[in-house]
2 protein chains.
Amino acid sequence: MEGVAERAGVAKTTIYRRYRSKTDLALAVLLDMLEDVSTQPYLGGTVAELTKLVDKTVSLMTTTVMGMVMKGLVPEIAADPHLASVYREKVVSRRVAEVSVLVARGIARGELRADLDPEVVTDLLLGPIYYRLFLSGAPMSSTFGTQLVATLLPVFAATQGNPPFSAGVDPDFTERRHQGASRAAVPG
Amino acid sequence: MEGVAERAGVAKTTIYRRYRSKTDLALAVLLDMLEDVSTQPYLGGTVAELTKLVDKTVSLMTTTVMGMVMKGLVPEIAADPHLASVYREKVVSRRVAEVSVLVARGIARGELRADLDPEVVTDLLLGPIYYRLFLSGAPMSSTFGTQLVATLLPVFAATQGNPPFSAGVDPDFTERRHQGASRAAVPG
DNA sequence: CCTATACGCTACGCAACGTAGCGTTTTAAT
DNA sequence: ATTAAAACGCTACGTTGCGTAGCGTATAGG
């Protein structure tokens, strides 16, 4: 905080007049930066759109302070239930909503299987990104998004006869976070 | 640390005689607990083996202190290059090695595509777990592993003709971390 | 019995978050 | 231009938590 104040040419107390805590500031930064990624352009093809989503996320995480902010937020979210709630509401569900838009388009185009769960897609697309960012340290080149989407395509695509995936989300939880259209029926 | 000392019925200074820092202790706990997950039993089927791996990981993260420890390590790894190096060496590469065993078995059985990269499999299997653990907060039921593996199967299985995936890992990095058998050729 | 090693304890140093209080500057409205 | 209100800067402080110093005490092991 002292460092932030100094780099901003501002007194530390001034920061604390706008943001109640360090976590609060971090969350504000995060939400502000998320604006750029949240719009989902219509590219005419689902592969291109999903790739764009991944690439924008990777770029944001690796070329801005977002990566650092996210890393710092992990233990905070774990320790502060209120922050966790806000984060899920403002960030996680938002990402799922964005993916939902793309999934809906893809289904409408007949490119994606009709019972595809956007939350599952989110897990599969963002999970590897954060795993590399937080733990593995493996770099993500400019072709990462393209290759990840290409790899996962057989899971998403409409042609094959794959079993749907719910990842064992209990109905309560899903309902609590998602008041949208009812998801494709999921066994288990 | 005070709390750990108290719960252990030991003076704080005694802990610091064995572990140089809080991070050092956390890493020791992590490595110790990792022993349980590191053995890969022969179950006769790749799906069962991969599912077991995922389930053990999920169980460890959600029913022990491991989850908390991992969350606390994320910013530490980001801030301490030496810790990051040790973590990648002792944990990340170890997980890849375990997955490699299963992938090799699967390829030998003809269940998995021959050009499957264990690192990619690791990303896809562990990424969603940590994403849920660290950020999304979505619960992982007892059927999570089964469903995740079932979902990803079309990516792994030998039958379909999917494009391989390297996720844009630059050769240097892969070589640096993995002195094992050369990976299946991957287009840029 | 005696010595080396390990342990407990108090006290401290230090960094970082967050706050109190007060004076000063800027804004904005009359 | 005056004046009230809001915002800012600054110093100082309280608090927590990590990590260390120093010293006395216990506990092996020969």
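Naming: A, B, ... by sequence-line order, numbering from 1 per chain.
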Task: Range on DNA chain D touched by chain A - first to last nucleotide, heavy-atom distance under 4.0 Å - done: dC8(D) to dT11(D)
- [ ] Under the side chain to side chain donor-acceptor pair (under 3.5 Å) rule, collect the residues that match up with E111(B), sequence neighbours excluded.
- [x] T46(B)
Task: salt bridge (charged side-chain N to carboxylate O under 4.0 Å, His left out) contacts in which one or both residues fall within residues 64-80 of chain B, not counting sequence neighbours - done: none
Task: Residues touching DNA chain C, which here means a heavy atom under 4.0 Å, drawn from residues 10-28 of chain B - done: V10(B), A11(B), T13(B), T14(B), R17(B), R18(B)
Task: Which residues share a salt bridge (charged side-chain N to carboxylate O under 4.0 Å, His left out) with R94(A), sequence neighbours left out - done: E35(A)
Task: side chain to side chain donor-acceptor pair (under 3.5 Å) partners for T122(B), two or more places apart - done: none
Open item on the list: As an exercise, state the distance from OG1 of T23(A) to OH of Y87(A), rounded to the nearest 0.5 Å.
Closed with: 13.5 Å
What side-chain donor-acceptor pairs closer than 3.5 Å can you find for residues 51-69 of chain B, not counting sequence neighbours?
{"residue": "T51(B)", "atom": "OG1", "partner": "V47(B)", "partner atom": "O", "Å": "2.7"}
{"residue": "D55(B)", "atom": "OD1", "partner": "G145(B)", "partner atom": "N", "Å": "3.2"}
{"residue": "K56(B)", "atom": "NZ", "partner": "T39(B)", "partner atom": "O", "Å": "2.9"}
{"residue": "T57(B)", "atom": "OG1", "partner": "L53(B)", "partner atom": "O", "Å": "2.9"}
{"residue": "T57(B)", "atom": "OG1", "partner": "R95(B)", "partner atom": "NH2", "Å": "2.6"}
{"residue": "T62(B)", "atom": "OG1", "partner": "V58(B)", "partner atom": "O", "Å": "2.8"}
{"residue": "T63(B)", "atom": "OG1", "partner": "S59(B)", "partner atom": "O", "Å": "2.7"}
{"residue": "T64(B)", "atom": "OG1", "partner": "L60(B)", "partner atom": "O", "Å": "2.5"}
{"residue": "T64(B)", "atom": "OG1", "partner": "M66(B)", "partner atom": "N", "Å": "3.1"}

TODO: Identify, residue by residue, the members of residues 71-80 of chain B with a heavy atom below 4.0 Å from DNA chain D, and return them in order of residue number, or none.
DONE: none
Open item on the list: Please find the pair of heavy atoms, one from P118(B) and one from S100(B), that lie closest to each other, and give the distance.
Closed with: CB-OG, 3.2 Å
Task: Pairs where residues 36-51 of chain A contributes a residue and the test salt bridge (charged side-chain N to carboxylate O under 4.0 Å, His left out) is met, not counting sequence neighbours - done: E49(A)-R105(A), E49(A)-R109(A)
Task: Modelled atom types, side-chain donor and acceptor of Q147(B) and T143(B), under 3.5 Å - done: yes
- [ ] Compute the bend angle of the helix from dC1(C)-dG30(D) to dT30(C)-dA1(D) from the end axes (five pairs per end), rounded to 10°.
- [x] 20°
Open item on the list: Tell me whether T14(A) contacts the main-chain N or O of V10(A) through its side chain, where contact means a donor paired with an acceptor under 3.5 Å.
Closed with: no
Open item on the list: Using whole Å, what does the distance between atom P of nucleotide dC17(C) and atom CD of E2(A) come to?
Closed with: 6 Å
Task: Residues in salt bridge (charged side-chain N to carboxylate O under 4.0 Å, His left out) contact with K12(A), at least two apart in sequence or another chain - done: E2(A)
Open item on the list: My understanding is that only residues two or more places apart in sequence, or in another chain, count here; which of them pass ring-ring contact (aromatic ring centres under 6.0 Å, His included) with F134(B)?
Closed with: F134(A), Y130(B)
